[in-house]
Each structure stands twice: as C-alpha cells, then as structure tokens.
Colleague: 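Quick one: structure below, then a few questions.
Indexing begins at 1, ligand by ligand and atom by atom, following the structure's order.
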Amino acid sequence: MKILVTGGTGYIGSHTVVELQSKGFEVIIVDDLSNSSIDVLDNIAKISGKKPLFEKFSLTDPEKTTAFFKLHNDIRAVIHFAAFKAVGESVEFPLVYYRNNILSLVNILQGMIDNNIRDLVFSSSCTVYGQPDTLPAREDTPVQKAASPYGNTKQICEEIINDTSQSANIHGILLRYFNPIGAHETAFIGELPLGVPNCLMPYITQTAIGKRPFLRVWGDDYDTPDGTAIRDYIHVVDLAKAHVTAVERLTGEKCKKNVEVFNLGTGNGLSVMEVIKSFERTSGLKLNYEIKERRPGDIVKVWADTEFANKELGWKAEKTLDEMTGSAWKWEQALAKRK
Ligand code: UD1
C-alpha cells in the first residue's frame, strides 16, 4: 500500500516514514526541503533498510501538485505534515504562513478528490485548545481563538478538512499533538532546528553540547507545584506510531465519522524543571540554566486526556520522560560527531 507523506524529511515526518516502512507500507515523500535535509533519506534507509521514494517541490504549487497526483495514481492515503511551524515567525510573516500552510492543504485535497484518494491524516496541534478552562484537554474541549497565525493555520486547516469531507468523499483523522520531543533510538534521525531553537528540548541539548551558554527558563512564578510551566511531552516515536495506526484505521474502514479527532499525548503534565532534572539524570551532566521572565504568549499548563485515543484509536504512548530526554541527548551528540 503506497502512502504519500508530505514533509517526510522533517522531524515527525521522518520518524513516521520509518514506522510506516517497518510495517510494510511503501512510502513516497514530497518535501520542498525548506526546513530539512536530503540526507534524511539515507538515514531513514540506515534504520529501515529501504530508501523511500522522494520528490522535491512545494505543494503550494497547484500545477506541480496536480501533475504529481496524476503520475502517482496508486497512492492509497496521505499523511500531511508539510507546514511551517515557528510561532514567532508566523507573527512576523503571517502571509507566508497562510500561503504555505493553507494553500498546500487545498492543493492536496484537490489532488485527492481528482484521483479518488479518500484517506487523509492531518498533523494538528494542541495549540488549538489555548489555555483550556478545564484539564486534561479532551478532544471536545472548546477550540479557542488562536494566539498566533501559526495556530490559526492549524484551526483553519481542520475546518477545511471538515468542510471538504461534507461535500466530497474524503475521510480524515486530525491528530492533535502535544509536545513531541526525543529522537529515534539509533540516533540516525531527530530534530534539526534551524538557527536558535525556540522549543525546550533542543535548547537543553544545544546548551549541554556547548552551542548555547545557558538555558533560559521562562518563568518560575506560575501557579504550578514548582512554579514552572507544564506541558505534556511525548516521545516522537510514540507519536509516529500513532500515524501508522491512523492510516490503518482509515484504510481498514474503521472510522466512525468522516472526520475524527484524536489527542496525541501521554496524559502526564510535566514542568520545565522536571524535564531539566530528567535530562540531568540521563546525560549525567549538570545543565546551566537561569530563571527569566515569563515568555509572552506561553500558557500555564496543558496536558491531554488520552482516553479516547487509547480506547478508540487503540494507541497509547509508551515511552518514559527519561527515554525522551536520553534519546534527545544521544541525537545531539551524534549530530556533533557528524560535523
Ligand atoms: C510550542 C508552540 C506550539 C507548538 C509546539 C510544538 C509556542 C507558543 N507554542 O509549544 O504552538 O504546537 O511548540 O512542539 O511557541 N521553555 C523554556 N525555555 C526555552 C524554551 C521553552 O523555559 O528556551 C519552556 C516554555 O516556556 C514552555 C515549555 O518550555 O513552558 C515548552 O516550550 P516549547 O518547547 O517552546 O513548547 P510550547 O511553547 O508548549
């Protein structure tokens, strides 16, 4: 069964390609390499013994997307990751975000409709919940007005898929990720942030390897047990496996609705300090950090209600926090050796 993975050379995409190939799916990646490297294909092959098919172009180009789908009319399902994801950058360049993230989805859906491809897995985010009034966040927790153009593109894309599924034969699974961290255990693939990372885990590992002088902990005066903000960190390999389960659910005609939504988290809220402590435990290092003012736009706490994903999707996150921080550190060290 051939699966199109857009953004398949990216962080979550590459881990998903590995899991798909290990289950016997044939993968074709489309990626414009705007935030990833072609070397990822060889590293995927090192893990799974097979290099996925690959085409480089931007899915925002309607002609190229149409031609691609015509040529590859044996695609059975699509997993759509290809998108820009930097919150701050989206505030500065909203049109770049709307153009890229929205147009690519529209072109993909058109290609799917024209070629009778029904099944789509979409990469969404817990950012749609904002700061929920009640925790944990359930799939029916109200979606709040997005705090950034990036978050808004996720909400709009969810709506586009919902609307399209009403008028065309499209079935979708929207996966709302909490905070993916960690890397493949082989350290052949992992997160490759361009420039200075915004996210916690790569900032921690880059500090430990000596690329950054210290980690700034954004606020220790939140209403949480240790004062630092709480998130639901999930191992990227657990997250990748959920995509395979979602594809199997769609292609096996097990969906109960045209569009289904699942939270992908562990269900455990962890503070910034807990992540730092885990990192120190698994690396054996003392991390240099300083407490700073709260970061504008940050919410206090969020974690997932995972019951629906566990029972209905039949998927559960299995890896521990120490496996997340340990694999992230192994990856950072492997990267340092490559250069
Ligand atoms: C961010 C995005 C979110 C996206 C998610 C994907 C924002 C506002 N949100 O979530 O839309 O879906 O990544 O992973 O950017 N922290 C520090 N020091 C740092 C970096 C982070 O203390 O140098 C803290 C943050 O204040 C936060 C926690 O670590 O409490 C996690 O931050 P981060 O990894 O950036 O993720 P989110 O902000 O939760």
Colleague: Checking a contact table here: which protein heavy atom is nearest atom 5 (C) of ligand 1, and how many Å away?
Modeller: N179 ND2, 4.7 Å

Colleague: Are any of the N/O atoms in A229 less than 3.5 Å from those in ligand 1?
Modeller: no

Colleague: In terms of relative ring orientation, are F81 and H243 parallel, tilted or perpendicular, with 30° and 60° separating the classes?
Modeller: tilted

Colleague: Please confirm whether Y150 comes under 4.0 Å of ligand 1, counting heavy atoms of the residue only.
Modeller: yes

Colleague: We want to know whether T153 and N101 form a side-chain donor-acceptor pair, criterion being a heavy-atom distance below 3.5 angstrom.
Modeller: yes

Colleague: Measuring from non-hydrogen atoms of Y233 to any atom of ligand 1, is the shortest distance under 4.0 Å?
Modeller: yes

Colleague: In terms of the angle between their ring planes, are H15 and H184 parallel, tilted or perpendicular, with boundaries placed at 30° and 60°?
Modeller: tilted

Colleague: Select one of side chain, backbone, both or neither to describe which atoms of S125 lie under 4.0 Å from any atom of ligand 1, heavy atoms only.
Modeller: side chain

Colleague: Name the closest protein heavy atom to atom 16 (N) of ligand 1, giving the residue it belongs to and the distance to 0.1 Å.
Modeller: W218 CD1, 3.4 Å

Colleague: Can you tell which of V196, I234, N198 gets a heavy atom nearest to atom 20 (C) of ligand 1?
Modeller: N198

Colleague: What do you reckon, does P180 put a non-hydrogen atom under 4.0 Å from ligand 1?
Modeller: yes

Colleague: Can you tell me if S48 and S22 form a side-chain donor-acceptor pair at under 3.5 Å?
Modeller: no

Colleague: For the residue pair D232 / Y177, report whether a side-chain donor-acceptor contact shorter than 3.5 Å exists.
Modeller: no

Colleague: Is there a donor-acceptor contact under 3.5 Å linking the side chains of D32 and S34?
Modeller: yes

Colleague: What protein heavy atom sits nearest atom 35 (O) of ligand 1, and how far off is it?
Modeller: R295 NH2, 2.8 Å

Colleague: Tell me yes or no: between the side chains of E89 and Y97, is some donor less than 3.5 Å from an acceptor?
Modeller: yes

